[in-house]
Amino acid sequence: MCGALRPSDAGKKVVLMGWVNRRRDLGSIIFVDLRDRTGVTQVVFNRELNAAVHDKAEDLRNEFVIAAIGTVKKRDADTINPNIPTGEVELVTEELRILNVSKQLPFLPSDTVLANEEMRLKYRYIDLRRDAMQFNIELRHKVALAIRDNLASQGFFEIETPFMTRSTPEGARDYLVPSRVQPGSFYALPQSPQLFKQILMISGFDKYFQIVRCFRDEDLRADRQPEFTQIDLEMSYPQPERVWEVVEGFLTAAFKAAGHEIKTPFPRMDYDDAIRQYGIDKPDLRLPAFTDVRDCFTPADLEQLAINKDLPVIAIRTPGVGELSRKERDDIKPLFVSKGGARVFEDFKRIENKFAEAGAKVRQKTGAAADDLLVLVVGSAQAGKTPGRDDHPAAKRKVTPAELAIYASAGILRVALAQKYADRHGIFQKSGDPGKDFRFLWVTNFPMFEYDEADRRWVAAHHPFTSPHDEDMDKLESDPAMVRALAYDVVLNGTELGSGSVRIHRQDIQRKIFHALGMTEEEARSRFGFFLEALEYGTPPHGGIALGLDRIVMILAGADSLREVIPFPKTAAAKDLMVEAPTPVAEGQLRELGIGVVVKK
RNA sequence: GGGGACGUAGUUCAGUUGGUUAGAACGCUGCCCUGUCACGGCAGAGGCCGCGGGUUCGAGUCCCGUCGUCCCCGCCA
């Protein structure tokens with residue numbers, strides 16, 4: 001292979017096949033860098049040594065596919081290229097076969113500047129020839145293989161579940177597949193194999209896993225594709241801690257496959273603490289936590305600044321940003337997304353000038369160094385009681401809705417600031433120390449329900465098959481706001497890698513949950529009848545989790561987008577630019593399916 | 001559904017206040033070159049300035065619409 005030859009191979013007669021990555025025609029001598037999956041080797045065509053082959057080599061162009069047959073030669077000391085692994089050898093060609101030619105390409109795999117994404121996606125086969133993409137796809141393969149091996153060694157069976165299944169109206173929108181045999185009826189592609197894996201537990205396959213495609217018809221983001229791959233697993237009789245061990249086990253194997261030794265167990269944090277310290281349920285631990293500096297101000301200070309004295313005063317510290325200009329401070333404002341009347345003080349200097357004592361206390365409490373950026377997020381005084389209204393169904397929670405609004409606003413700003421000034425603080429740069437580069441975290445004890453303000457009802461925070469905490473069972477009907485779920489997320493560097501829970505295995509509790517969600521017995525039966533029935537035939541306690549393989553590989557590859565680790569991804573409008581999907585289909589095809597299309601104007 | 005950025009040669013980009021023939025680099029074509037490795041040198045080809053409308057004596061440049069790509073909010077149990 002093109003990346004394999006070393007000085008010890010000198011004298012061997014070999015055949016190299018690959019693409020012309022670059023050619024350097026010096027007249028009587030032509031050098032070609034021949035490329036395949038494994039790397040690049042310099043191939044030499046010398047007129048003096050072999051005029052016929054040299055003649056033929058003059059026709060070579062970028063991305064021609066060739067076979068070069070010749071003898072491996074150790075390079076003279078002054079012609080060694082230290083920049084490539086094969087730089088000490090070259091192939092002296094005795095026979096050249098042009099296996100295929102190439103017309104001029106829209107861009108070259110060897111280009112130093114990247115083509116824009118539209119080009120890359122349209123000509124994906126060329127883009128995938130690039131080193132970086134070859135590396136990422138290989139990395140993905142190695143990681144997936146390591147996870148399979150590890151889970152198999154932990155006693156899990158890989159079991160497939162259907163792609164054509166039943167639509168479940170809860171959750172994300174389904175991708176639908178019409179049935180020809182049952183006109184007017186549709187399969188749905190699975191958002192996850194959730195119910196099937198629970199059924200497998202009921203069937204006695206007490207450790208299941210699958211590296212499986214999932215489909216969600218929702219709007220895309222850099223870290224969201226309409227089809228994505230989950231490492232899905234489920235086990236019988238587990239405590240949450242047992243699931244965490246399994247995950248920590250295969251993640252250790254996966255990261256090892258990528259060359260990183262991570263430490264387990266991962267730290268754990270209650271959902272409430274995550275919100276109070278980071279304003280988000282997927283904290284990036286590489287950055288400093290919030291400091292509540294409300295007590296640094298006197299009541300008079302707060303009044304003068306029109307700060308709500310009943311709500312937290314959050315100091316966000318972003319290290320090493322340095323002095324900001326007037327304009328730079330103004331640029332902070334658009335980063336701020338205000339929820340429930342939250343306000344931002346982006347100019348901490350001004351507070352220090354006017355309220356010297358409070359300013360000093362804040363600096364002390366946050367431990368801010370001179371070149372750290374301090375920004376305050378507070379509740380607005382005018383808003384008064386409105387955002388915290390005591391009659392809100394969740395008002396009794398440890399973190400009230402009014403406080404949550406402040407924390408959440410600050411949480412978004414904290415991450416936005418860190419991203420904006422990433423090159424100044426360098427915290428996101430890889431240090432080579434896995435303990436610093438990969439900050440894992442288990443977030444636990446999520447609330448069971450979230451209140452949907454628009455529909456004025458409770459909805460499942462995780463999914464409706466999640467078991468409540470044993471201690472909170474009795475509050476299911478009396479006080480749903482205070483029920484905690486046996487649910488957990490695994491978070492890495494502020495990215496949610498996966499989410500799981502211990503499930504409900506008793507039919508009576510499942511019925512109570514549906515009831516709390518405002519679902520009647522009939523509705524529950526019609527949606528999940530088969531599943532509710534299955535629960536009645538001897539269901540073992542069970543639980544599991546699903547992790548996004550794409551996201552794991554993305555982080556390992558140091559990429560900013562899932563598209564860098566998925567060979568054939570879709571655009572933000574869910575299109576595949578290479579095959580040009582989706583497309584309209586022929587009228588006859590639709591007729592056979594009994595489908596009429598109404599195009600919205 | 002909403003907000004923002006971008007769209008000029010095969011590619012990546014520049015293009016001043018609206019003003020003559022729209023530039024550069026890489027790639028491409030031809031010629032020269034025996035040790036290059038992002039080879040070098042000379043010559044050359046290559047443009048519906050995304051598309052449609054408008055303002056103007058005059059539009060790559062201003063306005064409106066539209067399409068495409070990217071990022072974010074909503075959404076993603």
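Just so it is clear: chains get the letters A, B, ... in the order the sequence lines come, proteins before strands, and each one is counted from 1. Only heavy atoms go into these numbers, but all of them, side chains included; no hydrogens, no water, no symmetry mates.
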Hey, are [Y] and [X] close enough side-chain-wise for a donor-acceptor pair under 3.5 Å?
X: A/R511; Y: A/Q507; result: yes
X: A/R35; Y: A/Q134; result: no
X: A/H515; Y: A/E477; result: no
X: A/E94; Y: A/T71; result: yes
X: A/D174; Y: A/Q191; result: yes

Quick one: [X] [atom1] to [N] [atom2], roughly how many Å, whole number?
X: A/Y123; N: B/G27; atom1: OH; atom2: C1'; answer: 15 Å
X: A/Q42; N: B/U34; atom1: CD; atom2: C1'; answer: 13 Å
X: A/R221; N: B/G74; atom1: CZ; atom2: C1'; answer: 8 Å
X: A/I30; N: B/C37; atom1: CD1; atom2: P; answer: 16 Å

Looking for any heavy atom pair under 4.0 Å, which part of the strands does [X] touch: base, sugar-phosphate only, or nothing?
X: A/Q194; answer: base
X: A/L577; answer: sugar-phosphate
X: A/L114; answer: sugar-phosphate
X: A/T168; answer: nothing
X: A/E63; answer: nothing
X: A/R22; answer: sugar-phosphate
X: A/P464; answer: base
X: A/R120; answer: nothing
X: A/T112; answer: base

Phosphate-side-chain proximity, [X] and [N], N/O vs OP1/OP2 below 4.0 Å:
X: A/N116; N: B/C6; result: no
X: A/T79; N: B/G35; result: no
X: A/R563; N: B/C71; result: yes
X: A/K339; N: B/G74; result: yes

Provide the distance between the two [atom1] atoms, one in [N] and one in [M], to the nearest whole Å.
N: B/C72; M: B/G52; atom1: C1'; value: 29 Å
N: B/G18; M: B/U55; atom1: C1'; value: 11 Å
N: B/A25; M: B/G46; atom1: C1'; value: 15 Å
N: B/U61; M: B/U16; atom1: P; value: 11 Å

* Asked: B/C33 base to A/R24 side chain: any donor-acceptor pair below 3.5 Å?
  -> no

* Any donor-acceptor pair under 3.5 Å joining the side chain of A/E90 to the base of B/G35? -> yes

Candidates [options] - which lies nearest the side chain of [X]:
X: A/I29; options: B/C71, B/U12, B/U34; answer: B/U34
X: A/N62; options: B/G35, B/G27, B/C75; answer: B/G27
X: A/Q104; options: B/C33, B/C28, B/U36; answer: B/C28

Could you go through residues 485-494 of chain A and list every donor-acceptor pair under 3.5 Å that involves a side-chain atom there, pairing it with any protein atom two or more places apart or in another chain?
{"from": "A/Y488", "atom 1": "OH", "to": "A/S501", "atom 2": "N", "distance (Å)": "3.4"}
{"from": "A/Y488", "atom 1": "OH", "to": "A/S501", "atom 2": "O", "distance (Å)": "3.2"}
{"from": "A/Y488", "atom 1": "OH", "to": "A/G544", "atom 2": "O", "distance (Å)": "3.0"}
{"from": "A/D489", "atom 1": "OD1", "to": "A/S499", "atom 2": "OG", "distance (Å)": "2.7"}
{"from": "A/N493", "atom 1": "OD1", "to": "A/R439", "atom 2": "N", "distance (Å)": "2.8"}
{"from": "A/N493", "atom 1": "ND2", "to": "A/D437", "atom 2": "O", "distance (Å)": "2.8"}

Assigned partner base of [N], Watson-Crick or wobble definition, under 3.5 Å:
N: B/C33; value: none
N: B/U55; value: none
N: B/G68; value: B/C6
N: B/U16; value: none

* Test applied, side chain to side chain donor-acceptor pair (under 3.5 Å); reference residue, A/E234; option that passes from A/Q210, A/Q198, A/Q194, A/R503 ->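 So, applying the side chain to side chain donor-acceptor pair (under 3.5 Å) to A/E234 and each of A/Q210, A/Q198, A/Q194, A/R503, only A/R503 qualifies.
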
* Structure fact -> Judged by nearest nucleotide, the residue sitting upstream toward the 5' end of RNA chain B, A/E450 or A/L108, is A/L108

* Hey, which sits more toward the 5' end of RNA chain B by its nearest nucleotide, A/A461 or A/M119? =>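 The answer here is A/M119.
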
* To do: For this output row, return yes or no: ring centroids of A/F514 and A/F528 closer than 6.0 angstrom.
  =>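 When the ring centroids of A/F514 and A/F528 are compared, they turn out to be within the sub-6.0 Å range.
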
* Residues touching RNA chain B, which here means a heavy atom under 4.0 Å, drawn from residues 46-61 of chain A -> A/N46, A/E48, A/R61

* Pair A/Y407-A/Y278, ring pair (Phe, Tyr, Trp, His ring centres under 6.0 Å): steps then yes or no -> CA-CA 7 Å; A/Y407 289 129; A/Y278 300 94; over 10 Å; no

